[in-house]
Amino acid sequence: MSTTAEPKERDLTLAIEGMTCASCVRTVETALQKVPGVEQASVNLATETARVRIDPDRVEFDQLVGAVKARGYGARRREAAEDREIEARRAALSQTRRRFVVAAVLGALAMVLAMSPLVFPDLERADWRAYLLFALATPVQFYSGWPFYVGAISAARHRQTNMSTLIAVGTTAAYGISVVATFFSSVFSAAGLEPRMYLYYETSAVIIALVLLGRYLEARARAHTSDAIKKLMQLGAKTARVRRKLGEEVEVPIEDVRVGDVVIVRPGEKVAVDGLVLAGSSAVNQSMVTGESMPVDKQPGDEVIGGTLNTSGSFRFRAMRVGQQTLLAQIIRLVEEAQASKAPIQRLADLVASYFVPAVFLVATLAALAWFVLGPQPSLAYAITVFVAVLIIACPCAMGLATPTAIMVGTGRGAEMGILIKSAEALERAGKVRTVVLDKTGTLTEGKPVVTDLVASNGFDETELLALAATAERQSEHPLAQAIVAAALARGLIVSDPERFESRSGLGVVARIAGREVRVGSPQFVAANGLGAELAAEGKSTVLVAVDGQPRGVIAIADTLRPTACEGVVALKRLGLEVVMITGDNERTAAAIAAQAGVDRFFAQVLPDEKAAHVKRLQQEGKVVAMVGDGVNDAPALAQADLGVAIGTGTDVAIETGDIVLIGSDLRAVSRAIELSRKTVRTIWQNLFWAFFYNVALIPLAAGAFYPFTGWLLAPMLAAAAMALSSVTVVSNSLRLRSARLS
């Protein structure tokens, strides 16, 4: 008996613990990339995850965990610990809050005591004041500040530095000098220095309090960046009403629903899984998945999507996709992968951050030496102030959060509107698009022919004309014939089989109906040249009807524009984009559709395998091109384009095709996706500006570069406040995307 081994995973996601800044991201990423057999590794600070692509025959999961732990960080398999991860984050946030409260209370008391000589001058010489300050600051330093020591020591073991290193060294310097001045005051007295001038207890305590406050506010704000994922997860039904043996209806957990089960949905209930309606009818609100504003009518034969809401009637459907195969599960997976991915712009920030911390230490040391040697008296006090201020102001946490927080919010916002952006790179690239190529069939148009005009003549009326033509075409399999039959049935006409039926290839059909010969087909076939010429000029296919050799009318058939096609084209043009249509139709039909839709130019008579070549031609003109198609025969063109946008409907969406997937057929979503990209990229640049601005502008100020000209010298406590504010500013700016208005 042979057994088949389960395929090994190539793409893994790890939850990373202990990261605080962009420098940490670079360290973990480098550690993973050095593991033999790792093909790609991407670490995200905002989601605290690492996505790793491996050769499963060369790499074991434990090797990845070991590589991360060897660098001083924690790692575990993320998929297996969703609930534990949420609980762990809550516990960490609660602990940060407790450490902050201790630091804030004791730091405030230390600040009041340190400033008291300004009100009560006699206290300046009170020896007990230094001991009381020591008692207040010590719990702050070694309880509230303990995480910084853990991070700094862990990094030091591997000859690295990070944000914790800067905080730990800066506050320890201030606290250590104060301890020496308190308990070994003779060291200062012997050097002719006044020990009371070197008490920085309140400085170290308040710095730790402010940094913890920033970290706490940042963590709370970051929790909101994943709100879209949480909303999507909450959409899923918890139970389903399933018909079992002998017609018995039982309510079962959603995990117990199997493919083929018949599921009953009552008014107000959620559709449990993806399926096909068997009986009943209703209007289903799909806005939470597809972004459609109006409920969609469902009849037998229609598809329903798990997680959508049944609003009115009841119906039964057969489960077609369950568990991780449902559209909702695929959407959640895609959004999670996109949020954990890394945009090209972020790699630059991570690279800069990896060199940033060592450079800051060098600047802080050189600045302190310069003040000690060249500064005014007390030069040592100035040197300590400058050293601590430079270390504190320069923490690169904002750099690490600038890009991923915006990506998380942007991709989540897109998912809420039925726009699935499959990677951070695709999101960034969409903003650079200048030309949009729209496939005609199934994208601009409905993708199926329908009767648009009925012109009766010689004593016939429209109803009689359509009934005769539909009966004649009843047995034909031609798409135009099926459109005529469908139009007749939609009007409630009776369509029976003809007495005799004969198909003439490329011409039409001849049928005998109630003793009369009915011909349906081309003008030449029915001997009615010239009839219907105006309709043909509009790009419509014309089918003529003759009875006993006499022309009786013409039926116009066309693949009509989608209801939102024109609005979608207008929205794209409003963004300054060139809109191009590509189709296999003849020149006349293509020109008519292009005029109706309002596109700038078109390519006609293009075979499916030639679409990619036309996209390439546009690229050779120097244009950044987005190709929008249905994801089936447009796959080569989608791959050739700078950005592939697959437009689908319901559960038929082509998840594997394109860089962006639009759930639903609303063409306006294309412009929304591009506009969302532009706003997200703009937010990223704003974030990076603020992250670098705090450092570039305030490091010289903290180092005392402006002191000779302005007398300004940044106090370490203000440096801590500015550093904390930088992270909160970046995350808050990203959260604005949640309410961004899109056309």
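Exactly one residue among Val569, Leu575, Val570 makes a side-chain contact (heavy atoms from CB on, under 4.5 Å) with Lys573. That residue is Val569. Just one residue in the list Ile555, Thr471, Leu544, Val543 forms a side-chain contact (heavy atoms from CB on, under 4.5 Å) with Val520, and that residue is Val543.
Enclosure of atom CD in Gln620 by more than 12 non-hydrogen atoms of other residues, nucleotides or ligands within 6.0 angstrom is indicated.
Between the Ser677 side chain and the Ala673 main chain, no donor and acceptor come within less than 3.5 Å of each other. Side-chain atoms of Lys238 do not come within 3.5 Å of backbone N or O of Ile254 as any donor-acceptor pair. Using a distance-only test at 3.5 Å, with no hydrogens or angles considered, no donor-acceptor pair links the side chain of Ser314 to the main chain of Pro267. Of the possible donor and acceptor atoms, one in the side chain of Asn310 sits under 3.5 Å from a partner among the backbone N and O of Arg266. The backbone N or O of Asn285 sits nowhere less than 3.5 Å from a side-chain atom of Thr311 that would complete a donor-acceptor pair. Between the side chain of Glu473 and the backbone N or O of Gln482 there is no donor-acceptor pair closer than 3.5 Å. Judged purely by atom type and a 3.5 angstrom limit, Thr308 has no side-chain atom pairing as donor or acceptor with the backbone of Gln286. When atom types are taken as modelled, the side chain of Thr443 and the backbone of Lys440 share no donor-acceptor pair closer than 3.5 angstrom. Judged by distance alone, with hydrogens and angles left aside, the side-chain atoms of Arg562 form a donor-acceptor pair with the main-chain N or O of Thr445 at under 3.5 Å. Remark: side-chain polar atoms of Thr411 are not paired, donor with acceptor, to backbone N or O of Ile421 under 3.5 angstrom.
The shortest distance between side-chain heavy atoms of Asp642 and Gln619 falls below 4.5 Å. At a threshold of 4.5 Å between non-hydrogen side-chain atoms, the residues Lys422 and Val661 count as touching. Side-chain contact between Ser476 and Phe501 is present, with heavy atoms from C-beta onward closer than 4.5 Å. Inter-residue side-chain proximity for Arg316 and Pro300 is flagged as unmet; no heavy-atom pair is nearer than 4.5 Å. Side-chain contact check for Met320 versus Glu303: every heavy-atom pair is 4.5 Å or farther apart. With contacts defined as side-chain heavy-atom distances shorter than 4.5 Å, the pair Ile582/Met627 qualifies. Contact annotation: the side chain of Val545 never approaches that of Phe460 to less than 4.5 Å [non-hydrogen atoms, C-beta and beyond]. Between Leu572 and Leu667, every side-chain heavy-atom pair lies at or beyond the 4.5 Å cut-off.
Ion pairing between Arg601 and Glu578 holds under the 4.0 Å rule for side-chain N and carboxylate O. Arg429 and Asp659 are joined by a salt bridge, as a carboxylate oxygen and a charged side-chain nitrogen come within less than 4.0 angstrom of each other. Using a cut-off of 4.0 Å between Lys/Arg side-chain N and Asp/Glu carboxylate O, Glu517 and Arg512 are scored as not salt-bridged.
Note that the CE atom of Met417 and the CZ atom of Arg668 stand 12.5 Å from one another [nearest 0.5 Å]. Note that CG of Leu444 and CG of Asp439 are 8.0 Å apart. Values are rounded to the nearest 0.5 Å. To the nearest 0.5 Å, the span separating CD1 on Ile264 from CG on Leu278 amounts to 9.5 Å. Separating the CD atom in Gln325 from the CG atom in Asp274 is a distance of 10.0 Å, to the nearest 0.5 Å. Note that the CD atom of Glu502 and the CZ atom of Arg519 stand 8.5 Å from one another [nearest 0.5 Å]. In this structure, CZ on Arg413 lies 9.5 Å from CZ on Arg672, to the nearest 0.5 angstrom.
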(request) Would you please test Val580 and Val599 for side chain to side chain contact (heavy atoms under 4.5 Å, CB included) and show each step? (result) CA-CA 6 Å; Val580 179; Val599 302; over 6 Å; no
(request) Kindly determine whether Phe317 and Val265 satisfy side chain to side chain contact (heavy atoms under 4.5 Å, CB included), including the steps that lead there. (result) CA-CA 8 Å; Phe317 72 92; Val265 186; 3.4 Å; yes
(request) Verify side chain to side chain contact (heavy atoms under 4.5 Å, CB included) between Val296 and Asp302, making sure each step is shown before the conclusion. (result) CA-CA 10 Å; Val296 180; Asp302 291 339; over 6 Å; no
(request) Start with the C-alpha distance between Leu468 and Arg516, add both sets of side-chain angles, then the distance that settles side chain to side chain contact (heavy atoms under 4.5 Å, CB included), and finish with yes or no. (result) CA-CA 10 Å; Leu468 272 176; Arg516 295 183 293 179; 4.0 Å; yes
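For the pair Cys566 and Leu561, the tightest heavy-atom approach, listed with the atom from each and the gap, is SG-CD1, 4.0 Å. Arg258 approaches Ala319 most closely through the heavy-atom pair O-CB, 3.6 Å. Among all heavy-atom pairs drawn from Ala488 and Val495, the shortest one is CB-CG2, 3.8 Å. Annotation for Ala272 and Val263: closest pair CB-CG1, 4.5 Å, computed over non-hydrogen atoms. Of all heavy-atom pairs between Val518 and Ala472, the closest is CG1-CB, 4.2 Å. Here the shortest heavy-atom pairing between Ala590 and Ala604 reads CB-CB, 3.7 Å.
Residues satisfying the salt bridge (Lys or Arg N to Asp or Glu O under 4.0 Å) test with Glu462, not counting sequence neighbours, are none.
Side-chain contact check for Thr564 and Asp666: at least one donor-acceptor pair (N or O, by modelled atom type) lies under 3.5 Å.
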